[in-house]
Number of protein chains: 2
Amino acid sequence: MDKQNDKPQLSGVKEIARRANVSIATVDRVIHNRKGVSENTRKKINEIIEEIGFQPNILASRLASKKVNRFVVLIPESQETDYWESPLRGIGRAEDEIKQYGVSIVRYFYDLNDKTTFSKAAEKILAGNFDGVLLAPSFISESLEFTATCRQRGLPYVFINSDIPAQHSLCYIGPHLYQSGYQAAHLISFGLKEGKILIVNISKEIDSYHHLLRKEEGFRAFFSENDKVLNKLVKIDIRNTSEASIDADLDWAFEVHHDIDAVFVTNSRVQSVAHYFEKKNIQDKILVGYDFLSENIEYLKRGIIDFLICQKPEEQGYIGIMSLFQHIVMGTAIEKEKFMPIDIITKENYEFYSN
Amino acid sequence: MDKQNDKPQLSGVKEIARRANVSIATVDRVIHNRKGVSENTRKKINEIIEEIGFQPNILASRLASKKVNRFVVLIPESQETDYWESPLRGIGRAEDEIKQYGVSIVRYFYDLNDKTTFSKAAEKILAGNFDGVLLAPSFISESLEFTATCRQRGLPYVFINSDIPAQHSLCYIGPHLYQSGYQAAHLISFGLKEGKILIVNISKEIDSYHHLLRKEEGFRAFFSENDKVLNKLVKIDIRNTSEASIDADLDWAFEVHHDIDAVFVTNSRVQSVAHYFEKKNIQDKILVGYDFLSENIEYLKRGIIDFLICQKPEEQGYIGIMSLFQHIVMGTAIEKEKFMPIDIITKENYEFYSN
DNA sequence: ACTATTTTCGTGTACGTGCACGTTTTTATA
DNA sequence: TATAAAAACGTGCACGTACACGAAAATAGT
């Protein structure tokens, strides 16, 4: 009888082989551009591939080649804030999705207060046998050293959360810092018709300081570009992150500038200022800061923080891994820069925010 | 020599079969709870499955069973606005990802101004042979009729964009309307210390009107819950959506209420009010509305619209299809309600918004 | 012209699961 | 006890691709 006449079989290596009058193995060689095929038949097969728009069956492919890809991530460990737990969740989510395809992920963490932990982890990574790296390049020079070696070995890497331009990374996934500062300025300006605004940088680590600066730049740019002459900007840097020290600095600022009506904190440490506000029973000042952290959300709920700007940390981790996957496993092209949306979180919408 | 000694092979039906002293086929029968297995061995095999945490290899599974799943979507066609193009993009994106697994998607569209087009499409769907439905239930009673039949036939369906509660849908994917109205109120209140606020409902179709009402409810709730006695709310309904008619209605409203300082449009037709503002050279009023449509974005850029609230229409389509996929193909559990984040779009962040 | 080498190509098996079919064992019936 | 029927189980091929291995053809060297 007709056991298998009705096969549409338009695609597939078998069909290509049939049309080219060669065996499947030869087609296979062309597809993976291995050697051992004459220039004639190679060309012929490539034409047929073009013609029928051959798309290899990923399922069968991964099943047959028991190939295993090893990705490695190198990010800060969560200590002072739990920020990095979010990207880590995203990484885990991506891992769950693609482990079916034989991808495994190894995680390394470094201490944001200790550059050497970064370098040591980087060394271990280079010693291991990996096919792709997801990297948060918090320390500029150390990162440059690492990526130089990667490039030399043909080991692809993507940057996450903060970028080092022109480093031939596969791509960058993270926030547009300048613009997020600009956004914060608009929000404050919208709610504040006049009065001084205090900019607060809270950061122990000198290395992450330049990120804050980019935000501050954007923040200031809004006022200069929009003729908001009524709003004078005041700024303080806080390097000692103990509560007492922060309180003292803020005391000083509010004493010198008696008419500050809004505060912009350039990172997730906005909770410290919120805490200060609560203690001093300050209620009428606008407070804007960064990141969807549980403590920040608490102050948001209580109306002490007005807006949080957040840039999908979980998504960053997820997309980071998926980009490696797309490039290395699926072999498809990926965008060079993936800026996260600038999400505005309020008391009303935080519970629907998908991190 | 040792050809294949070194197999970790902890998982897999083969391993289960080995441990249970049965053949692979028997294990297979248990996994798909088909009959033809004694109660004893079934129990034994199930225990082993539990023990080793067996996860079938989806790749091999879909490869072996040349099973094809057919999904169908039923959504409005884009006419007066291009809103539905976004969910459609999301649906296409999902399709690209899962067609590898043998899923095909058929699309039906209905006219939001003509209930009968919905019913006719629904009939066609029921005549076709589908495994899952993604549905925008714009018309309540017609939708109820359709889903009743689906339920009876065991054909799973998910709601998108607007919900009909308690209809045993697989899940609902879309906005939390009430809360998004509440959010809009907060934004306006933040920028407006006093003065009247105009609520504008623009909608031809009486059926989609109840969506707008839910938003309006939330909007009003904010003011009553937060003692904003300074802000009086005024409301107009506009059923005739011609430009002349809208202009006339707005003329009337601003004439009667001379101190309106902010306008809240409960849907994407905010562009009509923006257009009116531009014509009349009105610049000092706050304007808030809905949806990431190109025209709206234009007014946002020019500073006429202050905020757009947007709820990831593309994502809705994507997640809708993926939920069907998760449930029907992968057999995993899915959440009953997936509320989209309430995204706040401004002049500063629209270009980073991932729809 | 005859071997040696290289290039080019085909055969066959494996990946993990699904399923049709056939075989064995048990249970029911005469 | 013999026989039929039903229940329980096993064998083997298929899915589309990868790859080791070996065969054939082309080229080189004497």
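Each chain gets a letter, A, B and so on, in the order its sequence line appears, and its residues count up from 1.
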Between [X] and [Y], what is the shortest heavy-atom contact and its length?
X: A:Ile160; Y: A:Tyr172; result: C-CE1, 4.4 Å
X: B:Glu15; Y: B:Arg18; result: OE2-NH2, 3.0 Å
X: A:Pro76; Y: A:Ser138; result: CG-OG, 4.0 Å

Can you check the [X] [atom1] to [N] [atom2] distance for me, whole Å?
X: A:Ile58; N: D:dG16; atom1: CD1; atom2: C1'; value: 12 Å
X: B:Gln55; N: C:dG16; atom1: CD; atom2: P; value: 15 Å
X: B:Asn21; N: D:dC9; atom1: CG; atom2: P; value: 12 Å
X: A:Glu15; N: D:dC15; atom1: CD; atom2: C1'; value: 16 Å
X: A:Arg34; N: C:dT8; atom1: CZ; atom2: P; value: 15 Å
X: A:Lys35; N: C:dT7; atom1: NZ; atom2: P; value: 6 Å
X: B:Lys14; N: D:dG12; atom1: NZ; atom2: P; value: 15 Å
X: A:Leu63; N: D:dC15; atom1: CG; atom2: P; value: 14 Å

Exercise. Is the CD atom of B:Glu97 crowded by more than 12 outside heavy atoms at less than 6.0 Å?
Worked result: yes
Exercise. Got more than 12 heavy atoms from elsewhere within 6.0 Å of NZ, A:Lys35?
Worked result: no
For this session: Report which part of the nucleic acid B:Asn57 touches: base, sugar-phosphate, or nothing (heavy-atom distance under 4.0 Å, all strands).
Result: sugar-phosphate
For this session: Under 4.0 Å between any heavy atoms, over every strand shown, what does B:Arg62 touch: base, sugar-phosphate, or nothing? Just pick one.
Result: nothing
Exercise. Given side chains that start at C-beta, do those of A:Val72 and A:Arg70 come closer than 4.5 Å, heavy atoms only?
Worked result: no
Problem set entry | Non-neighbouring partners of A:Ser323 that pass side-chain contact (heavy atoms from CB on, under 4.5 Å), sequence neighbours left out | A:Cys171, A:Ile173, A:Ile319, A:Ile334, A:Lys338
Does [N] have OP1 or OP2 under 4.0 Å away from a side-chain N or O of [X]?
X: A:Ser23; N: C:dC9; result: no
X: B:Ser65; N: C:dG18; result: no
X: A:Lys66; N: C:dG16; result: yes

Exercise. Checking side chain to side chain contact (heavy atoms under 4.5 Å, CB included) against A:Glu77, which of A:Tyr110, A:Trp84, A:Phe109 comes through?
Worked result: A:Phe109
Problem set entry | Given DNA chain D, 5'-ward residue of the pair B:Ala60 and B:Gly36, judged by closest heavy atom | B:Gly36
Problem set entry | Upstream residue (5' side of DNA chain D) when B:Val22 and A:Ile31 are each assigned their closest nucleotide | B:Val22
For this session: Using the closest heavy atom to pick a nucleotide of DNA chain C for each, name whichever of A:Arg29 or B:Arg29 lands nearer the 5' end.
Result: A:Arg29
For this session: Identify, between A:Thr26 and B:Ile24, the residue whose nearest nucleotide on DNA chain C lies closer to the 5' end.
Result: A:Thr26
Problem set entry | Closest to side chain of A:His32, choosing from C:dT11, D:dA18, C:dG18 | D:dA18
Exercise. When you measure from the side chain of A:Ala25, which nucleotide among D:dC15, D:dT11, C:dT11 comes out closest?
Worked result: C:dT11
Please write out the pairs of protein N or O atoms and N or O atoms of nucleotides 23-26 of chain D separated by less than 3.5 Å, giving the distance to one decimal.
none

Exercise. Hey, would you say the B:Tyr157 and B:Phe159 ring centroids sit under 6.0 Å apart?
Worked result: yes
Exercise. By a strict heavy-atom criterion of less than 4.0 Å, which residues belonging to residues 38-45 of chain B are in contact with DNA chain D?
Worked result: B:Ser38, B:Thr41
Exercise. Could B:Arg62 and B:Tyr101 be counted as a cation-pi pair, given that NZ or CZ must be under 6.0 Å from the ring centre and within 45° of the axis?
Worked result: no
